[in-house]
Amino acid sequence: MDCVFCMIRDGKIPTRKVYEDDKMLAFYDIEPAAPVHIVMIPKEHIASANELNADNAGIVAHIFSKVPEIAKSVGLDGGYRVVNNCGADGGQTVFHIHFHLLGGKTLGKMA
Ligand code: AMP
Ligand code: ZN
């Protein structure tokens with residue numbers, strides 16, 4: 001499959017990993033939009049938030065349950081923002097669901 005994040009999951013594209021377990025992976029964004037910019041993905045390929053349902057949405061809770069630990073490990077002591085871009089109008093460019101973890105400065109208003 002031609003999915004950048006599946007290739008990262010499979011070790012075919014190198015990244016700076018910050019967290020990994022059997023269900024998810026977190027790594028530094030290649031084009032940071034903030035001083036600290038982490039991308040958190042499920043290992044399961046789900047194209048976007050628009051493909052979530054009662055059967056697969058447990059992964060979202062799992063990812064969020066790890067946010068405090070990941071944020072602490074990258075030094076986001078003053079707070080942070082978690083963002084999901086969904087679909088063309090949402091600005092999504094990689095169609096493997098992911099959550100951006102942004103911080104390292106006082107962030108501006110959204111959108
Ligand atoms: P989005 O625009 O919400 O779909 O976010 C996709 C993010 O993935 C962007 O912030 C990209 O900079 C990031 N990205 C794309 N390819 C890579 C890569 N090989 N390693 C790390 N981050 C990547
Ligand atoms: Zn994928």
Side-chain angles (χ1 to χ4, degrees):
M1 202 199 299
D2 197 19
C3 171
V4 173
F5 289 172
C6 283
M7 290 172 78
I8 287 173
R9 174 200 64 205
D10 296 341
K12 292 176 181 152
I13 296 175
T15 51
R16 284 177 65 204
K17 272 182 209 172
V18 294
Y19 178 81
E20 180 169 17
D21 64 27
D22 57 329
K23 299 188 197 67
M24 68 171 284
L25 190 58
F27 50 87
Y28 280 95
D29 197 291
I30 204 168
E31 217 175 298
V36 178
H37 186 171
I38 306 296
V39 179
M40 304 179 291
I41 69 165
K43 289 194 168 174
E44 178 187 359
H45 180 91
I46 299 168
S48 78
N50 210 35
E51 277 68 49
L52 289 170
N53 56 54
D55 292 330
N56 66 13
I59 188 61
V60 178
H62 177 73
I63 290 172
F64 271 72
S65 78
K66 298 297 175 185
V67 164
E69 177 184 336
I70 295 167
K72 190 169 184 206
S73 76
V74 295
L76 294 176
D77 302 322
Y80 47 81
R81 181 173 294 158
V82 179
V83 172
N84 170 254
N85 297 328
C86 179
D89 281 359
Q92 186 176 5
T93 60
V94 177
F95 284 81
H96 179 134
I97 192 172
H98 54 280
F99 299 91
H100 299 263
L101 175 64
L102 300 154
K105 68 170 187 179
T106 303
L107 300 169
K109 276 188 168 182
M110 291 202 295

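Ligands are counted one by one from 1 in listed order, and the atoms in each one are counted from 1 as well. Not measured: the values here are computed from a predicted model. Position 1 is the first residue of the sequence; numbering continues from there.
- Counting non-hydrogen atoms of neighbouring residues, nucleotides and ligands closer than 6.0 angstrom, the CG atom of Asp89 reaches no more than 12 such neighbours.
- The nearest protein atom to atom 12 (O) of ligand 1, hydrogens excluded, is given as Asp29 OD1, 2.5 Å; this is a heavy-atom distance.
- Interatomic distance, CE of Met7 versus CD1 of Ile13, reported as 4.0 Å (0.5 Å rounding).
- Of all protein N/O/S atoms, those lying under 2.8 Å from the Zn ion (ligand 2) come to 4.
- Here the CZ-CZ distance, from Phe27 to Arg16, works out to 12.5 Å after rounding to the nearest 0.5 Å.
- Asn53 contributes a side-chain N or O that, together with a main-chain N or O of Asp55, makes up a donor-acceptor pair within less than 3.5 Å.
- Less than 4.0 angstrom separates some heavy atom of Gln92 from each of these atoms of ligand 1: 4 (O).
- Here His45 contributes atom NE2 and Phe95 contributes atom CZ; the two are 10.0 Å apart, rounded to the nearest 0.5 Å.
- Counting only heavy atoms of the protein, atom 14 (N) of ligand 1 lies nearest to Ile30 CG2, 3.9 Å.
- Protein heavy atom nearest atom 2 (O) of ligand 1, with residue, atom name and distance: Thr93 OG1, 2.9 Å.
- Distance from atom 16 (N) of ligand 1 to its nearest protein heavy atom, with residue and atom name: Val4 CG1, 3.9 Å.
- Between His98 and His96, the distance separating the two ring centers is not shorter than 6.0 angstrom.
- Distance check: Lys43 NZ to Asp10 CG gives 9.5 Å after rounding to the nearest 0.5 Å.
- A 4.5 Å side-chain heavy-atom check between Val67 and Phe99 finds every atom pair outside the cut-off.
- To the nearest 0.5 angstrom, Asn84 atom CG is 8.0 Å from Leu52 atom CG.
- For ligand 1, the atoms closer than 4.0 angstrom to any heavy atom of Glu31 are 12 (O).
- Near Gly91, meaning under 4.0 Å from one of its heavy atoms, ligand 1 places the atoms 2 (O).
- Counting heavy atoms from C-beta outward, Tyr28 and Val74 have side chains that approach closer than 4.5 Å.
- Separating the CD1 atom in Ile97 from the SG atom in Cys86 is a distance of 7.5 Å, to the nearest 0.5 Å.
- Ligand 1 is approached by Phe5 to a heavy-atom distance shorter than 4.0 Å.
- The distance criterion of under 3.5 Å between nitrogen or oxygen atoms is not met by Ile8 with respect to ligand 1.
- The Tyr28 neighbourhood of ligand 1 comprises atoms 21 (C), with distances under 4.0 Å to a heavy atom of that residue.
- Under a 4.0 Å criterion applied to the non-hydrogen atoms of Val94, ligand 1 contributes the atoms 4 (O), 6 (C).
- Of all the atoms in ligand 1, the ones that sit under 4.0 Å from a non-hydrogen atom of His100 are 1 (P), 3 (O), 5 (O), 7 (C), 10 (O).
- For Asn56 (side chain) and Glu51 (main-chain N/O), a donor-acceptor pair under 3.5 Å exists by modelled atom type.
- At under 3.5 Å, not a single nitrogen or oxygen of Thr15, backbone or side chain, sits near a nitrogen or oxygen of ligand 1.
- The protein atom (non-hydrogen) at minimum distance from atom 5 (O) of ligand 1 is His98 NE2, 2.9 Å.
- A side-chain donor-acceptor contact under 3.5 Å links Arg81 to the backbone of Gly108.
- Looking at Ile13 next to ligand 1, no N or O pair under 3.5 Å apart turns up.
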Test side-chain contact (heavy atoms from CB on, under 4.5 Å) on Phe5 and Val39 and set out the steps.
CA-CA 10 Å; Phe5 289 172; Val39 179; 3.9 Å; yes
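- With a 4.0 Å heavy-atom cut-off, ligand 1 is reached by the side chain of Phe27 but not by its N, CA, C or O.
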